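Treat the numbers as computed from the prediction; the structure is a model and nothing was measured.
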Amino acid sequence: MRHRLGPTLITGPEIQARIQELAAVISLDYADRDLLLICVLKGAAIFWADLCRALPIPCQSDFVAMESYGVGSFPLSEPRFTKAADVALADRDILIVEDIIDTGHTGARLRELFRAASPRSLAMCALLDKAERRQVSTPIEYCGFVIPNAFVVGYGLDYAQQYRHLAHIAVLEGPPEM
Ligand code: 5GP
């Protein structure tokens with residue numbers, strides 16, 4: 001079956017409203033701290049851009065990219081950064097900004113890699129949580145939306161590099177095997 005864009009799961013205005021709520025909580029939690037947002041490329045780029053502009057507190061940002069586990073495939077080896085952070089991470093208050101936590105492998109691995117850099121604190125902010133697909137437990141301190149088990153695109157999330165530009169999150173019909 002060829003894939004096609006399916007129904008809207010989360011509208012653009014719903015995403016923007018939730019980001020304002022997340023930013024309000026984060027700005028309280030990180031007031032007077034040394035907040036470093038780490039955006040996980042490429043999927044989190046649009047979420048990061050809206051989230052950091054909604055934060056009324058000082059923060060810095062950096063970007064990482066990970067080797068992929070592939071969607072649904074079990075990891076054969078522990079993925080590494082294909083692009084590591086440029087700034088020093090020791091004693092920083094790191095908030096990882098992710099698009100989606102699915103099986104949890106990527107989130108757990110990110111935490112492991114960042115913990116090794118001795119930050120003062122480490123937390124995860126993920127726009128989407130596909131909780132029922134979890135294989136590895138990994139905390140999400142700031143979660144946008146818990147979603148059902150479907151392959152979704154839009155608002156930074158892609159299928160074959162398409163659909164990232166959509167302002168909303170939609171279900172992809174006839175998607176790859178998960
Ligand atoms: P994990 O299974 O390790 O939690 O997630 C691995 C990666 O798979 C995510 O960072 C994301 O890039 C991708 N992924 C998981 N579920 C979806 C989905 O529904 N849509 C898209 N576009 N990517 C997904």
Practice prompt. Determine the minimum heavy-atom distance between C52 and L37, stating which atoms define it.
Written response: CB-CD1, 3.6 Å
Fill in: Over all atoms of both residues, closest heavy-atom pair of F47 and A126
CE2-C, 4.0 Å
Item to complete: Please tell me if the side chains of V40 and T106 come closer than 4.5 Å, counting only heavy atoms from C-beta onward.
Response: no
Worksheet, complete the sentence: Residues passing the side-chain contact (heavy atoms from CB on, under 4.5 Å) test with A31, sequence neighbours excluded, are none
Worksheet item: So, T11 side chain and E14 main chain: donor-acceptor pair closer than 3.5 Å or not?
Response: yes
Response to the item:
Nearest heavy-atom contact between A23 and A54 is CB-O, 3.5 Å
Discussion item. In terms of relative ring orientation, are W48 and F63 parallel, tilted or perpendicular, with 30° and 60° separating the classes?
Written reply: perpendicular
Discussion item. I'd like to check Y142 versus L51 (side-chain heavy atoms, cut-off strictly below 4.5 Å). Are they in contact?
Written reply: no
Item to complete: Could you label the plane-to-plane angle of the F81 and F114 rings as parallel, tilted or perpendicular, counting under 30° as parallel and over 60° as perpendicular?
Response: tilted
Worksheet item: When rounded to the nearest 0.5 angstrom, what is the spacing between CG in L172 and OH in Y159?
Response: 7.0 Å
Practice prompt. Using salt bridge (Lys or Arg N to Asp or Glu O under 4.0 Å) as the criterion, list what pairs up with E141, not counting sequence neighbours.
Written response: R111
Discussion item. Ignoring hydrogens, what is the shortest heavy-atom contact between I38 and A85? Give both atom names and the distance.
Written reply: CD1-CB, 4.3 Å
Worksheet item: Going by an N to O cut-off under 4.0 Å, is there a salt bridge joining R115 and E112?
Response: no
Worksheet item: Do any N or O atoms from the side chain of K130 and from the backbone of T103 form a donor-acceptor pair under 3.5 angstrom?
Response: no
Worksheet entry | Connected via hydrophobic side-chain network under 4.5 Å: F145 and I169 | yes
Discussion item. For L113 versus P79, what's the shortest heavy-atom pair and its separation?
Written reply: CD1-O, 4.2 Å
Worksheet item: When clusters are formed by joining ILVMFWY residues with side-chain heavy atoms under 4.5 Å apart, either directly or through shared neighbours, do I46 and I147 land in the same one?
Response: yes
Item to complete: Using modelled atom types only, decide if a donor and an acceptor are shared between the side chain of R134 and the backbone of D102 within a distance under 3.5 Å.
Response: yes
Worksheet, complete the sentence: In terms of heavy-atom contacts, C143 and D129 come closest through SG-CB, 3.7 Å
Discussion item. Suppose we screen for side-chain contact (heavy atoms from CB on, under 4.5 Å). Which residues come up paired with S118, at least two apart in sequence or across chains?
Written reply: none
Discussion item. So, using salt bridge (Lys or Arg N to Asp or Glu O under 4.0 Å) as the criterion, who are the partners of D32 when residues are at least two apart?
Written reply: none
Worksheet item: Would L122 end up clustered with V64 when hydrophobic side chains under 4.5 Å apart are linked, directly or stepwise?
Response: yes
Fill in: Main-chain N/O of R164 paired with D158 side-chain donor or acceptor, under 3.5 Å
no
Worksheet item: Backbone N or O of R80 within a donor-acceptor pair of the E67 side chain at under 3.5 Å?
Response: yes
Would you be so kind as to tabulate the donor-acceptor pairs closer than 3.5 Å made by side chains of residues 90-101, with sequence neighbours excluded?
unit_1	atom_1	unit_2	atom_2	d
R92	NE	D34	OD1	3.4
R92	NE	D34	OD2	2.6
R92	NH1	Q60	OE1	3.2
R92	NH2	D34	OD1	3.1
R92	NH2	Q60	OE1	3.1
D93	OD1	R33	NH2	3.3
D93	OD1	R120	NE	3.3
D93	OD1	S121	OG	2.6
D93	OD2	D34	N	3.0
D93	OD2	R120	NE	3.4
D93	OD2	R120	NH2	2.6

Item to complete: Spell out, yes or no, whether L36 and I57 are grouped together once hydrophobic residues are joined by side-chain heavy atoms under 4.5 Å, including indirect joins.
Response: no
Worksheet item: Should I19 and L157 be counted in the same cluster of Ile, Leu, Val, Met, Phe, Trp and Tyr side chains packed under 4.5 Å apart?
Response: yes
Worksheet item: How would you list, by chain and number, every residue that makes a side chain to side chain donor-acceptor pair (under 3.5 Å) with Q16, sequence neighbours excluded?
Response: D50
Worksheet item: Can you find a heavy atom in the side chain of I10 that is under 4.5 Å from one in the side chain of L128?
Response: yes
